[in-house]
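Data first, discussion second: the structure below is written as structure tokens.
For the single chain, residues carry numbers from 1 onward in sequence order. Remember, predicted model here, so these are calculated numbers, not experimental data. As a basis for the values below, the full set of heavy atoms in this structure was taken, side chains included, without hydrogen atoms, waters or symmetry mates.
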Amino acid sequence: MDNPLLFTRQDAVAIISINDAPYNRMTLEFIDRLEELVSEIAADDTLRAVVLTGEGLNNFSVGMNLKQLPAGVERAGGPDALFDQRLRVIAAIENMGKPWVVTLFGYCLGGGLEIPLGCHFRLAAAEGAQIGLPEMDLGTVPAWGGSARLSKCVGRDHALDMILRGKKISGPEALRIGLVHEVWPLAELKDRAIKLAEELAAQPALAVRGVMDVVVGSEDRSLEDLLQAERAAVHKTFGTPDQAEGFAAFLEKREPVFNQPQ
């Protein structure tokens, strides 16, 4: 595969699409390229939101290409190094300070759910989605942080139910348990994800980063620590062009236009 993923941009929105239809497997080449691209997006201040999707309308991703597992372990120098790369990529997405929107449709299995769990907004198809962590069926457990992040997302009971039973749940069921934020008809799903990313990209970038610094991972931090982080985020926005624009727009009763030149 020449291009394991496709990368385009629409103004301030980056769009990444897994390029292995119809299954959109997360190959070794895909993870390598994604790691590079995540670093590039983090460093590019003109990109303020990201959409992660898959080519076609069949499946977001069936997860890792298991046929590559032996070669991947050998190349990395052991299983821990292989899995550490995936954990590193997901953590970089989660802690980037820029919102990621992911589309869940068709099979979203193994890594095809674990990477979305590191994203900040998950949108699912109303029909046809099968979302789960089926590693139990292979005699093993999730290795890309899935059991940890799923339990933080939906709670212990739902996480145990999904993982221990190898359940694949629908988009509406994922919405019911809090795994996804919105459900849309499959034909509208990708457009809706881009529109949401555009909405997020139009928000004041410094303030967005400040909120994400406070909220992402907040369940593992004390209230005092979070209050200090929030105060630091407030101070960083003082006197900025975006703060001035926000106040001016409020007084003039108009919509603000953020991300003014610094």
Side-chain angles (χ1 to χ4, degrees), residues 5-18 34-54 60-61 88-105 108 112-125 145 149-150 152-154 171 174-175 178-184 188-221 226 229-230 232-234 236-237 240 242-243 245-246 255-260 262:
L5 61 79
L6 303 179
F7 171 72
T8 57
R9 60 180 298 163
Q10 291 185 201
D11 297 322
V13 174
I15 303 172
I16 300 170
S17 188
I18 308 170
L34 181 62
E35 184 169 32
E36 294 173 353
L37 195 53
V38 165
S39 179
E40 292 168 13
I41 292 171
D44 188 343
D45 290 339
T46 67
L47 290 171
R48 298 191 293 275
V50 186
V51 171
L52 177 62
T53 188
F60 167 68
S61 177
R88 187 168 65 242
V89 172
I90 297 171
I93 289 171
E94 191 171 38
N95 298 303
M96 183 181 291
K98 300 180 182 184
W100 283 58
V101 181
V102 63
T103 64
L104 300 179
F105 59 95
C108 312
L113 175 56
E114 289 171 299
I115 288 182
L117 282 167
C119 297
H120 310 99
F121 292 85
R122 291 173 291 278
L123 278 56
R149 283 191 174 87
L150 184 63
K152 289 181 179 296
C153 180
V154 302
L175 180 66
L179 179 55
V180 303
H181 299 78
E182 299 177 4
V183 169
W184 291 85
E188 301 175 26
L189 182 65
K190 293 185 182 182
D191 285 343
R192 171 55 188 160
I194 292 171
K195 288 180 181 177
L196 175 56
E198 290 173 341
E199 175 189 339
L200 295 166
Q203 298 287 61
L206 190 60
V208 168
R209 182 180 294 276
V211 168
M212 296 183 75
D213 285 346
V214 176
V215 175
V216 174
S218 59
E219 64 273 12
D220 298 321
R221 299 160 65 187
L226 294 173
E230 181 183 79
V234 171
K236 288 179 181 177
T237 65
T240 62
D242 277 342
Q243 188 199 36
E245 166 64 7
E255 289 296 317
V257 180
F258 289 123
N259 300 300
Q260 301 285 329
Q262 298 297 313

Legend entry - Distance, nearest 0.5 Å, that separates OG1 of Thr103 from CG of Leu123: 8.0 Å
Legend entry - Any residue meeting side-chain contact (heavy atoms from CB on, under 4.5 Å) with Arg209, in chain and number order, not counting sequence neighbours: Lys98, Asp213
Inset, instruction - Could you tell me whether the side chain of Glu245 and the main chain of Val257 form a donor-acceptor pair under 3.5 Å? - result: yes
Inset, instruction - Working to the nearest 0.5 Å, report the span between SG of Cys108 and CG of Leu117. - result: 10.5 Å
Inset, instruction - Could you tell me whether the side chain of Gln10 reaches within less than 4.5 Å of the side chain of Val51, counting heavy atoms only? - result: no
Legend entry - Heavy-atom pair of closest approach, residues Cys153 and Gly178: SG-O, 3.6 Å
Inset, instruction - Mind checking the CG-CG spacing from Leu104 to Leu175? Nearest 0.5 Å is all I need. - result: 11.5 Å
Inset, instruction - Check whether any side-chain N or O of Asp44 sits under 3.5 Å from a backbone N or O of Glu40 as a donor-acceptor pair, and report yes or no. - result: no
Inset, instruction - Determine the minimum heavy-atom distance between Val102 and Pro116, stating which atoms define it. - result: CG1-CB, 3.8 Å
Legend entry - Atom pair CH2 (Trp100) and CG (Leu52), whose distance is rounded to the nearest 0.5 Å: 6.0 Å
Legend entry - Atom of Ala201, atom of Ala12 and distance for their closest heavy-atom approach: CB-CB, 4.0 Å
Legend entry - Test log, rule side-chain contact (heavy atoms from CB on, under 4.5 Å), inputs Leu150 and Leu179: CA-CA 8 Å; Leu150 184 63; Leu179 179 55; 3.9 Å; yes
Inset, instruction - Return yes if some donor-acceptor pair links the side-chain N/O of His120 with the main-chain N/O of Glu94 below 3.5 Å, else return no. - result: yes
Inset, instruction - Run through Val101, Asp191, Val13 and flag the one making a side chain to side chain contact (heavy atoms under 4.5 Å, CB included) with Leu196. - result: Val101
Legend entry - Closest non-hydrogen atom pair, Val208 against Pro99: CG1-CD, 3.9 Å
Inset, instruction - Determine yes or no for a side-chain-to-main-chain donor-acceptor pair under 3.5 angstrom, with Arg122 supplying the side chain and Val180 the backbone. - result: no
Inset, instruction - With side-chain contact (heavy atoms from CB on, under 4.5 Å) as the test, would you mind laying out the steps for Thr53 and Phe105 before giving the verdict? - result: CA-CA 9 Å; Thr53 188; Phe105 59 95; 3.7 Å; yes
Legend entry - Glu219, CD: over 12 other non-hydrogen atoms inside 6.0 angstrom: yes
Legend entry - Step-by-step side-chain contact (heavy atoms from CB on, under 4.5 Å) determination, Leu206 to Asp242: CA-CA 9 Å; Leu206 190 60; Asp242 277 342; 5.7 Å; no
Inset, instruction - Could you tell me which non-hydrogen atom of Ala197 sits nearest to which non-hydrogen atom of Ala49, and how far apart they are? - result: O-CB, 3.4 Å
Inset, instruction - Check the surroundings of atom CG in Asp11: do more than 12 heavy atoms from other residues, nucleotides or ligands lie under 6.0 Å from it? - result: no
Legend entry - Check: Asn259 side chain, Ala205 main-chain N or O, donor-acceptor pair, under 3.5 Å: yes
Legend entry - Aromatic ring pairing Phe121/His181, orientation class (parallel under 30°, perpendicular over 60°, tilted between): tilted
Legend entry - Interatomic distance, Ile93 atom CD1 to Leu34 atom CG [nearest 0.5 angstrom]: 5.0 Å
Legend entry - Donor-acceptor pair, side chain of Lys190 and main chain of Gly54, under 3.5 angstrom: yes
Legend entry - From Ile41 atom CD1 to Ile16 atom CD1, the distance as rounded to the nearest 0.5 Å: 4.0 Å
